[in-house]
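A short worksheet on the structure shown next.
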Amino acid sequence: MITRRSLFATAAGLAVTLASSTATFAGGAKGQFEGRSNHVTSGSVKLVKVGERYVVELGDDFSLDGGPDPRVAFGKDGHYDPDTKLGALLSLTGKQRYAVPPTWDVSAYNEVYIWCDVAGVPLGVAKIH
């Protein structure tokens, strides 16, 4: 039996419906964060499919040492895509989820970024595969 619960996906309150049983993208798109720009960012991330939508899920072990205006976004091969912002980081630590708009082609990306909008630098990057 599939149960559903609502979570806010962004600081603006975008709600996403999550199923307790989820399939993973591309056979298990997941990765580990590495710090960037003299910041300590660590922990796991995965991309999961929930119904017809994808969700970026930061793991229970996620941690960022701080930084002004951190955002969750995608990139590819070391290049951040500013058009893929999923929302403001909800917490510096722990599990959190961000809805991917249904019109986005997630297969076009192979990295998840924690991006500082103010300074225009990455705070952490995770290669997902």
Side-chain angles (χ1 to χ4, degrees):
M1 179 176 164
I2 295 177
T3 61
R4 296 185 182 256
R5 58 189 168 125
S6 293
L7 296 175
F8 285 359
T10 66
L14 172 63
V16 350
T17 305
L18 298 171
S20 63
S21 174
T22 60
T24 57
F25 168 77
K30 58 185 176 179
Q32 291 288 322
F33 279 103
E34 295 178 359
R36 296 287 194 276
S37 308
N38 295 317
H39 282 274
V40 178
T41 309
S42 62
S44 61
V45 61
K46 61 184 174 179
L47 187 61
V48 295
K49 190 167 185 182
V50 179
E52 297 300 314
R53 295 190 73 168
Y54 286 97
V55 175
V56 171
E57 181 178 282
L58 307 185
D60 289 326
D61 59 346
F62 174 78
S63 179
L64 170 66
D65 65 350
D69 202 23
R71 305 288 172 153
V72 179
F74 287 111
K76 182 170 184 159
D77 299 331
H79 300 284
Y80 164 73
D81 183 344
D83 295 328
T84 64
K85 293 176 195 162
L86 299 174
L89 191 67
L90 299 173
S91 174
L92 293 177
T93 61
K95 190 173 188 172
Q96 42 201 303
R97 295 181 176 124
Y98 301 86
V100 177
T103 57
W104 290 7
D105 176 10
V106 294
S107 68
Y109 306 102
N110 63 3
E111 296 166 327
V112 174
Y113 277 74
I114 305 301
W115 185 262
C116 177
D117 241 8
V118 171
V121 297
L123 303 176
V125 178
K127 291 196 180 293
I128 54 173
H129 35 52

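Taking both residues in full, the closest heavy atoms of Ala126 and Val45 are given as CB-CG1, 3.5 Å, listed atom of the first, atom of the second, then distance. The two atoms that bring Val100 and Arg53 nearest to each other are O-NH2, 3.3 Å, heavy atoms only. Counting all heavy atoms, side chain and backbone alike, Lys76 lies closest to Asn110 at CA-OD1, 3.1 Å. Contact detail for Gly67 and His39: the closest heavy-atom pair is CA-CE1, 4.1 Å. Across all their heavy atoms, Ser63 and Thr93 have their closest contact at OG-CG2, 4.0 Å.
Distance alone, capped at 3.5 Å, places no donor-acceptor pair between the Tyr98 side chain and the Lys85 backbone. In terms of modelled atom types and a separation under 3.5 Å, the side chain of Gln96 and the main chain of Ser91 share a donor-acceptor contact.
Residues Ser37 and Cys116 have side chains not in contact (no heavy-atom distance under 4.5 Å, counting atoms from C-beta outward). In this structure the side chain of Leu58 reaches within 4.5 angstrom of the side chain of Phe33, judged on heavy atoms. Within the 4.5 Å cutoff, side-chain heavy atoms of Leu64 are placed close to those of Leu123. Using a 4.5 Å cut-off on side-chain heavy atoms (C-beta onward), Val56 and Ile128 make no contact.
Under 3.5 Å, the side chains of Tyr113 and Glu111 contain a donor-acceptor pair of N or O atoms.
Under the 4.5 Å side-chain heavy-atom criterion for Ile, Leu, Val, Met, Phe, Trp and Tyr, Val106 and Val72 are members of the same hydrophobic cluster. Each of Val112 and Val40 belongs to its own hydrophobic cluster when Ile, Leu, Val, Met, Phe, Trp and Tyr are linked at side-chain heavy-atom distances under 4.5 angstrom.
Every residue was checked against the salt bridge (Lys or Arg N to Asp or Glu O under 4.0 Å) condition with Asp61, not counting sequence neighbours, and none meets it. Listed by chain and residue number, nothing satisfies the side-chain hydrogen bond (donor to acceptor under 3.5 Å, both in side chains) test with Asp60 (two or more places apart in sequence, or in another chain).
Ring geometry for Tyr109 against Phe74 counts as parallel: the plane angle stays under 30°, on a 0 to 90° scale with 60° as the upper cut.
Through direct or indirect side-chain contacts shorter than 4.5 Å among Ile, Leu, Val, Met, Phe, Trp and Tyr, Val118 is connected to no other residue.
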> Taking it one step at a time, do Phe62 and Ile114 satisfy side chain to side chain contact (heavy atoms under 4.5 Å, CB included)?
Replying inline: CA-CA 11 Å; Phe62 174 78; Ile114 305 301; 4.2 Å; yes
> What do the steps show when you test Tyr80 against Arg71 for side chain to side chain contact (heavy atoms under 4.5 Å, CB included), and what is the final call?
Replying inline: CA-CA 12 Å; Tyr80 164 73; Arg71 305 288 172 153; 5.6 Å; no
